[in-house]
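One structure is given below, encoded as structure tokens.
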Amino acid sequence: FFVDSVTMRSPFSPEDLPLLQPEDAKDPSLANDLVFHIEEGINMPDQHMTVLITNSANDEQISVKSSGDSGKHSRKSSVGSSALFYTEVRIGPVNLNDIVTFTLIKGRSIPDIPLAGHIVSKFESVLGSTEWRVSDLVRRPSREILFTKDNDRILQRSDSDVVITSLQIRLVMNEYPQRWPEPQSSLLYSEVKHIMIITRGTRGDIQPFAALAIGLANHLGYKVTICTELRYKPNVMRLNVLVLPDRPTISFRPSGGDTTKKISSTISKKAMTTKSDMMQGIMIARSEAEFFDSEACIWHWANVLRPDCVIYGFTLANIAMILSDGLRIPIIGFVLQPTCIPSEQYVPVMNINSQLPISSKFNSHDVHKYLHKVMETNPLGIRLNDLRERRGLKKIHSGTVWEILVRKEAPLIVPMSEAAFGGKPPDWSDSAEFTNFIFLRPGKADPLGEDYVNFIKTAKAKGTPLVLMAFSSMPVERKEILKIATTIVEECQPSPAVIAMVGNQPVHPLSSSLQKQVDDHKASGRLFEGTVAPFGELLPQMDVNIVHGGLGTTAEALRAGKPVIITGVLLMDQRFWGIRVHQLGIGPEQVHITEFEDTCVQDVNTALAKDSPWASKAEEYQRQSTWSEGDGVEENVFAVERILHDIEAVRVYSTDIVKDCVPCKAITASGKALMGSGKALGTGSKVLTTAIRGAVPGHNKEKKSHEDQFPDNEQDTPKKGHKMLGKFKGLLK
């Protein structure tokens with residue numbers, strides 16, 4: 001690379017940076033020049049590249065151009081060319097809160113960027129960009145920087161490739177200003193287990209994994225890396241405030257993608273708000289294929305970090321299986337949407353009205369399996385078997401990923417109350433276990449804001465019942481929420497006070513009549529419009545909770561011991577929880593948000609009645625529930641520990657068995673190991689062949705498909721000399 005220093009107005013405005021925003025409060029005494037080397041461009045899509053570095057503090061831009069991969073500094077890796085040319089870059093002065101943007105441009109000329117109204121990533125030659133706050137950039141002496149494309153995917157060398165493009169930079173500052181952090185190398189904690197959590201989705205999908213990560217660090221001392229969407233990086237890094245001082249920190253790695261942004265599009269909103277069973281079936285089938293574009297990035301991090309185990313969420317099961325088969329890393333499912341696990345006890349797509357017969361052809365397991373296969377083989381998208389072939393793995397010709405995981409008895413943790421779910425289906429595998437609802441709680445109770453406290457205190461002083469409406473990130477428009485809220489305030493008896501949580505929904509102008517109603521009710525203390533609040537503190541203070549049916553919010557509502565009304569867009573598993581709330585007798589039949597205005601008054605009146613059957617059932621259910629106290633973290637953490645202990649115990653035996661393939665030596669060695677720690681074998685024979693075929697490095701390397709990693713019986717083992725494994729399994733039993 002060589003440097004051309006250019007100072008011009010930055011084409012990036014604060015509105016163009018949705019993930020990182022410059023902070024207003026800056027201490028000029030902390031400002032300083034930032035000096036670093038751009039050392040290596042790895043797997044660049046072209047030999048001739050330009051990196052444009054933008055400083056948000058003063059609109060300064062510096063372009064760094066590559067000289068290709070020729071010359072004495074170049075090297076060729078097994079996956080592509082890497083150009084080396086050490087170049088010092090100095091930008092500044094910058095403050096710790098300033099943002100530095102790296103933009104990767106194909107070619108060696110910068111596009112003629114207008115001074116206003118455009119963002120550089122809109123030009124065809126711009127391949128991707130990434131934003132770093134200075135405080136994050138200087139925490140480590142060196143960084144591997146990845147780039148995000150316009151579609152929020154992590155940049156790869158080519159669309160058909162499986163390698164990630166990255167830029168290596170290294171700080172070269174001789175001294176740091178007072179109160180700037182001294183760069184420190186990331187501690188490897190080689191003596192402790194390293195768990196990698198992979199998950200994508202909305203905030204509600206991420207929070208349970210965050211709670212689990214804190215528990216793994218605090219209770220077990222494990223090193224945890226969370227690989228998820230860049231939007232959640234600040235949230236992940238803030239988790240370390242809750243990690244004990246003597247424990248390994250929780251790290252973040254980007255997976256690419258932005259689910260929140262995607263579901264905010266007009267097309268996504270229309271699809272999500274439909275009541276059609278057909279559309280529900282398509283969305284469920286599409287839910288995993290939608291995240292295939294993260295495979296290259298997640299593989300990259302798993303290959304670099306080599307964790308002891310990968311814990312995966314519902315939408316990344318296929319990617320987790322690829323990691324397990326290709327990198328020989330044990331995987332554990334942490335399943336927040338257990339209805340994805342096939343069972344005759346329920347259907348993949350549930351009717352909104354549980355009283356209706358299951359007659360739609362889109363409700364059947366066979367049709368659901370067919371739709372899954374269509375989405376995974378879509379020639380216009382990323383195909384599952386293409387991903388597997390690129391990693392040298394066998395194709396999956398039949399069955400969904402969840403059918404395979406159940407058939408092979410892969411470990412699955414379902415973090416919820418078995419009683420709340422309705423009991424464990426008899427056709428689930430023994431390796432699937434319920435634990436408890438898990439909640440992300442700060443060290444101390446997360447207090448309600450003063451405005452919430454005052455509203456609630458005023459209502460209770462007047463003897464006014466309280467009603468909450470909350471729909472999380474689901475696409476329910478603000479005007480629709482406020483219209484229903486005013487109806488409840490005006491028509492219900494007794495007239496309640498309503499807290500309407502509108503979240504981050506766009507603030508569009510209301511009609512003049514609705515705006516007047518809202519203003520009048522706010523002035524009289526009957527309506528409060530909120531955005532975010534800790535539900536663990538808010539819901540127990542309500543008399544009725546109207547929620548959208550998501551797992552986390554529904555669990556909080558059940559725990560509160562108050563009547564629950566489920567409404568909203570009723571997407572996927574939200575329908576299941578709507579049915580369960582009604583079956584438990586603590587709320588009415590669920591209703592789609594488009595029809596809720598017609599039933600809201602009757603439902604709220606029934607819930608607020610002195611002899612309300614829902615209220616008495618809700619209190620009784622709360623008293624009988626063993627999970628009504630605590631955050632559920634400990635139960636889920638120890639479930640992970642048990643599984644890892646079983647895998648590790650069998651790993652010891654299988655190493656002895658396979659070492660020389662001599663039956664007498666194997667029986668002797670494994671027998672001694674068995675006597676030494678027999679109780680550690682929780683799943684015993686079920687994990688034995690998994691450990692031998694998957695967990696033992698180097699064994700049977702030519703067999704890498706998922707079907708081979710989890711053989712059904714001893715006849716699938718590769719050599720006759722291993723027939724003794726059957727005898728050994730009997731010994732373990």
Side-chain angles (χ1 to χ4, degrees), residues 202 204 263-287 337 339 346-363 368 467-488 491-492 498 500-503 505-506 508 514 544-554 557-558 563-607 614:
T202 62
I263 65 175
S264 299
S265 68
T266 302
I267 294 177
S268 294
K269 286 182 177 179
K270 287 183 178 179
M272 293 170 67
T273 54
T274 180
K275 294 182 286 185
S276 164
D277 286 352
M278 177 184 70
M279 185 58 69
Q280 287 284 318
I282 292 173
M283 285 190 291
I284 292 174
R286 177 69 186 166
S287 58
Q337 299 86 358
T339 52
Y346 44 77
V347 292
V349 180
M350 299 184 180
N351 291 316
I352 293 178
N353 188 339
S354 62
Q355 304 301 319
L356 294 176
I358 300 173
S359 57
S360 172
K361 62 182 179 180
F362 293 101
N363 293 88
H368 183 63
V467 175
L468 173 73
M469 296 178 61
F471 301 98
S472 189
S473 58
M474 291 297 102
V476 181
E477 292 188 5
R478 174 176 174 265
K479 65 178 180 180
E480 195 165 10
I481 297 173
L482 293 176
K483 186 178 180 181
I484 295 172
T486 57
T487 300
I488 292 173
E491 299 184 22
C492 286
V498 177
M501 305 293 291
V502 298
Q505 297 296 333
H508 299 302
L514 180 57
V544 182
N545 289 303
I546 302 171
V547 297
H548 70 291
L551 171 62
T553 309
T554 304
L558 292 174
V564 182
I565 299 173
I566 302 293
T567 186
V569 298
L570 301 178
L571 184 67
M572 294 190 282
D573 67 318
Q574 295 167 12
R575 295 185 175 194
F576 172 83
W577 288 111
I579 292 172
R580 282 300 296 153
V581 163
H582 183 56
Q583 289 174 344
L584 291 170
I586 61 177
E589 190 87 37
Q590 62 185 336
V591 177
H592 196 272
I593 190 65
T594 56
E595 301 171 357
F596 185 55
E597 191 176 1
D598 298 330
T599 65
C600 63
V601 174
Q602 178 183 343
D603 289 344
V604 172
N605 282 344
T606 303
W614 301 338

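For the single chain, residues carry numbers from 1 onward in sequence order. Values in this document were obtained by computation on a predicted structure and should not be read as measured data.
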Can you tell me how far CD1 of Ile593 sits from CD1 of Ile566, rounded to the nearest 0.5 angstrom?
11.5 Å
So, taking the atom named OG1 in Thr567 and the one named CD in Gln590, what distance separates them when rounded to the nearest 0.5 Å?
8.5 Å
Between Leu570 and His548 the two heavy atoms that sit nearest each other are CD2-O, 4.2 Å
Given side chain to side chain contact (heavy atoms under 4.5 Å, CB included), test Ile546 with Val604 step by step and report yes or no.
CA-CA 9 Å; Ile546 302 171; Val604 172; 4.2 Å; yes
After noting the C-alpha distance and the side-chain angles of Met572 and Gln337, does the key distance pass the side chain to side chain contact (heavy atoms under 4.5 Å, CB included) rule?
CA-CA 9 Å; Met572 294 190 282; Gln337 299 86 358; over 6 Å; no
Hey, is the main chain of Leu571 close enough, under 3.5 Å, to the side chain of Gln574 for a donor-acceptor pair?
yes
CD on Glu597 to CD on Glu491, rounded to 0.5 Å:
8.0 Å
Working note: Thr554 + Val564, criterion side chain to side chain contact (heavy atoms under 4.5 Å, CB included); need CA distance, chi angles, decisive distance, verdict.
CA-CA 8 Å; Thr554 304; Val564 182; 5.5 Å; no
Step-by-step side chain to side chain contact (heavy atoms under 4.5 Å, CB included) determination, Asp603 to Phe596:
CA-CA 9 Å; Asp603 289 344; Phe596 185 55; 4.1 Å; yes
Do the side chains of Val467 and Ile565 get nearer than 4.5 Å, heavy atoms only?
no
Taken to the nearest 0.5 Å, the spacing of Glu589 CD from Ile579 CD1 works out to 7.5 Å
Neighbour count >12 (heavy atoms, 6.0 Å) for atom CD, Glu595
yes
Shortest non-hydrogen contact from Ile481 to Ala500?
CG2-CB, 3.9 Å
When rounded to the nearest 0.5 angstrom, what distance separates CD1 in Ile586 from CZ in Arg580?
9.5 Å
Does the side chain of Thr487 come within less than 4.5 Å of Cys600's, by heavy atoms?
yes
Determine yes or no for a side-chain-to-main-chain donor-acceptor pair under 3.5 angstrom, with Thr553 supplying the side chain and Gly549 the backbone.
no
Work out which heavy atom in Val569 is nearest to a heavy atom in Met474; give both atom names and the distance.
CG2-SD, 3.8 Å
In Å and rounded to the nearest 0.5 Å, what is the OG1 to CD distance from Thr594 to Glu480?
7.5 Å
